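This report refers to the structure that appears directly beneath it.
Nothing here was measured: the structure is a model prediction, and the numbers come from that model. We count residues from 1, following the sequence as given.
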Amino acid sequence: MTEKLLLHGGAIQQAGAVRQKGEQRRTASDFMQMEQDRGISISATSMSFDFGPSKINVLDTPGHQDFSEDTYRALAAADNALMLVDAAKGLEPQTRKLFEVCRMRGLPIFSFCNKLDRPALSPMEIMDQIESEFGLETHPVVWPIGDGDRFKGLLDRVENKVLLYEKSEKRGQRASVREIDFADIEEVRKAIDDEELFEKLVEDQEILMELLPPLDKARVLSGDQSPLFFGSAIADFGVDKFLDYFVDFGSIPAARDALVEDEGAKKKRGDDSEDDEAGVVVSADYPEFTGFIFKMQANLDPQHRDRLAYVRVVSGKYEKGMKVKHSRSKSSKTYNLAAAQALFGQNREIIETAYPGDIIGINNPGLFAIGDTLYTGPKRIQFPGIPSFSPEKFAYITNPNPSSYKSFSKGLSQLLDEGAIQMLRQRGDEGGGPIILAAVGQLQFEVVTARLKDEYKVEANLEPIAYSLARWAEGGWEEVDKCDKDGKLFGTMIVEDRWKRPVVLFRNDWKARDTEAEEKALELKPFSLPPMNT
Ligand SMILES: Nc1nc2c(ncn2[C@@H]2O[C@H](COP(=O)(O)OP(=O)(O)OP(=O)(O)O)[C@@H](O)[C@H]2O)c(=O)[nH]1
Ligand SMILES: [Mg+2]
């Protein structure tokens, strides 16, 4: 789908697919070796293209639940979501978690029911599934005419036109489309050339007209009604319609909640009081530059070996060389954004300006973390942090070749900065002791070992540890020690995170819940944000 969106936006000349051979295998979004090998997306990528007078920024996110943390972070930067549904399978379990995140954030959700070129569930059934399982009302903007080999095209229900698609002879090119007014009913009958499908279409449209509440932009924007599309990304059927309506119905760069502190006024008053204004929103037309970091990636281009922070611009204008402040540093030091880049999957280009809604890549000197805010102006702005998911899988990682110690630790530390995985250590360990990796899903471990091998040329051994839950003890070490001495943490493992904060590993859910309830002073939390002022 992403490839076809880029093709329609003129951003690429030929759509690739990771399952194809040779040149056609090249896709803009799945460029990591492991993504190509396995044919799945592992990491969210950012791309953009112009579409008429609009600029569309796409964040392509992985669908596999082991990578849902990465997807969750990308959603923090998005203003709209497109939910892809497989027309044959219907809703899949991994879609639910992501859907809930979209809901929580109140994002407008567009739905695209894909793979109509294969035998599919009936469109009514798909609407029912989305409605009953997700409690989301859909409004079919288009309606499919047949499926599988009999898939003829779509009825555009808003413009009342029948669209008959013809696949391109050449792979990866746009389909051609012939439009007929639905009112020219005899013409439509002739063109569809399948009496059963024709009658079904007329009947379905009558039912839909009678039953459905109208398409309502305000309800789309509040996430209460989802415009529903049908088509085939591979054959390029219906992608054009999604884009047309997305531009009309999607949200423009949206305002975000923030903590705002008036440093200028404070200085004038000469005081040092904490007077954060909570619940303030920063909208796209706030004149100062603001943005937040939602993703980190090392070695985007293996030749460069740099660490890139992905910034979503919320307000103002980025200008090359501008100086920004960093929310998590208490000092008023500024950082020079000398060479922010526009990203296109793996490729990037230094840019002069960027605007709200844009995603820019900046070099991370090691100071920035996911969730940090960058801003200009006298007011200190902090957008809400992006919490990490609570890890559920743990393993010791060791380096079997002492001679590659340096590359091993560099690789590991850069992958940890990305937040692709978390690291825990034994308490008081100043390095040298065993490193514990903590992940949400098993596949994340495989990504780490594969990337250490590909990008840093080092081997790694993993040995699973039989704990299944982590809880940060915000009560601090003193409380942890007290509980431990009283035998209250029997059967758990006490470790520290990279900021030396206490973390307790549990073998099962009930023990964790029990301890949470009994030992209130520990203040056990499923995740923790990076500390202030690092
Ligand atoms: N028949 C058919 N197959 C399709 C269509 N679109 C995608 N596929 C196939 O579906 C598979 C998954 O496609 P991807 O584009 O990798 O799907 P994705 O949602 O990005 O998957 P992840 O990012 O890994 O979660 C591939 O084998 C595609 O060729 C379509 O319209 N018709
Ligand atoms: Mg993908």
- [ ] Verify, without hydrogens or angle tests, whether Asn364 (side chain) and Leu367 (backbone) share a donor-acceptor contact under 3.5 angstrom.
- [x] yes
- [ ] Indicate yes or no: at least one non-hydrogen side-chain atom of Met34 is less than 4.5 angstrom from one of Arg451.
- [x] no
- [ ] Could you list the residues that satisfy salt bridge (charged side-chain N to carboxylate O under 4.0 Å, His left out) with Lys55, not counting sequence neighbours?
- [x] Asp358
Open item on the list: Salt bridge or not between Arg471 and Glu519? Use side-chain N to carboxylate O under 4.0 Å.
Closed with: no
Open item on the list: Using every non-hydrogen atom in the two residues, find where Phe294 and Ala74 come nearest and quote the distance to one decimal.
Closed with: CD1-CA, 3.9 Å
Open item on the list: With a 3.5 Å distance limit and no angle check, can you tell me whether Asp79 reaches the backbone of Ala254 through a side-chain donor-acceptor pair?
Closed with: yes
Open item on the list: Can you confirm whether Ile252 is buried at CD1, in the sense that more than 12 heavy atoms of other residues, nucleotides or ligands lie under 6.0 Å from that atom?
Closed with: no
Task: Where Ile360 and Ile351 come nearest, the two heavy atoms and their spacing - done: CG2-CD1, 3.5 Å
- [ ] Would you name the heavy atoms of Ala76 and Ile386 that are closest together and state the gap between them?
- [x] CB-CD1, 3.9 Å
Open item on the list: Tell me whether Ser111 contacts the main-chain N or O of Ser226 through its side chain, where contact means a donor paired with an acceptor under 3.5 Å.
Closed with: no
- [ ] For the residue pair Asp30 and Ser41, confirm or rule out a side-chain donor-acceptor distance under 3.5 Å.
- [x] yes
Task: Donor-acceptor contact present, side-chain Ser468 to main-chain Arg507, <3.5 Å - done: yes
Task: For Ile293 against Ala309, the heavy-atom pair lying closest together - done: CG2-CB, 4.0 Å
Open item on the list: Checking Asp128 now: which residues fulfil side-chain hydrogen bond (donor to acceptor under 3.5 Å, both in side chains) with it, not counting sequence neighbours?
Closed with: none
Open item on the list: Within the 4.5 Å heavy-atom criterion, are Tyr310 and Arg73 side-chain neighbours or not?
Closed with: no
Task: Backbone N/O of Pro140 and side chain of Arg157: donor-acceptor pair under 3.5 Å - done: yes
Task: Min side-chain heavy-atom separation Ile494-Arg427 under 4.5 Å - done: no
Task: Result of checking Asn80, Leu75, Leu136 against Cys102 for side chain to side chain contact (heavy atoms under 4.5 Å, CB included) - done: Leu75
Task: Identified ring-ring contact (aromatic ring centres under 6.0 Å, His included) partner of Phe242 from the options Phe51, Phe230, Phe229 - done: Phe229
Task: Phe506 six-ring face occupied by Lys511 cation (under 6.0 Å, within 45°) - done: no
Open item on the list: Under 4.0 Å between a side-chain nitrogen and a carboxylate oxygen: does that hold for Lys482 and Glu479?
Closed with: yes
Task: Least distance between heavy atoms, Ile436 atom then Phe394 atom - done: CG2-CB, 4.3 Å
Task: Any donor-acceptor pair under 3.5 Å from Glu35 side chain to Ile42 backbone - done: yes
Open item on the list: Salt bridge check, Lys379 against Glu288: does any charged N sit closer than 4.0 Å to a carboxylate O?
Closed with: no
Task: All salt bridge (charged side-chain N to carboxylate O under 4.0 Å, His left out) counterparts of Glu392, not counting sequence neighbours - done: none
Open item on the list: Any heavy-atom pair between the side chains of Phe67 and Val447 that's under 4.5 Å?
Closed with: yes
TODO: Under the side chain to side chain contact (heavy atoms under 4.5 Å, CB included) rule, what do Phe445 and Ile397 come out as? Steps first, then yes or no, please.
DONE: CA-CA 10 Å; Phe445 288 144; Ile397 185 164; over 6 Å; no
- [ ] Could you tell me whether the side chain of Arg380 reaches within less than 4.5 Å of the side chain of Lys325, counting heavy atoms only?
- [x] no
Task: Where Val440 and Ser390 come nearest, the two heavy atoms and their spacing - done: CG2-O, 4.2 Å
Open item on the list: Taking Gly357's backbone N and O only, do any of them form a donor-acceptor pair with Asn57's side chain (distance below 3.5 Å, no angle check)?
Closed with: yes
TODO: Using atom types as modelled and distance alone, determine if a side-chain donor or acceptor of Thr61 lies under 3.5 Å from a backbone N or O of Thr71.
DONE: no
Open item on the list: Is it the case that the side chain of Gln414 and the backbone of Arg307 share a donor-acceptor pair, with hydrogens and angles ignored and the cut-off at 3.5 Å?
Closed with: no
Task: Note, Tyr286 side chain near Val260 side chain (heavy atom, < 4.5 Å) - done: no
Open item on the list: Donor-acceptor check, side chain of Lys520 to backbone of Ala517, threshold 3.5 angstrom: yes or no?
Closed with: yes
- [ ] Report yes if the side chains of Leu437 and Leu412 come closer than 4.5 Å at any heavy-atom pair, otherwise no.
- [x] yes
Open item on the list: Are the side chains of Leu443 and Arg38 in contact, using a 4.5 Å heavy-atom criterion?
Closed with: yes
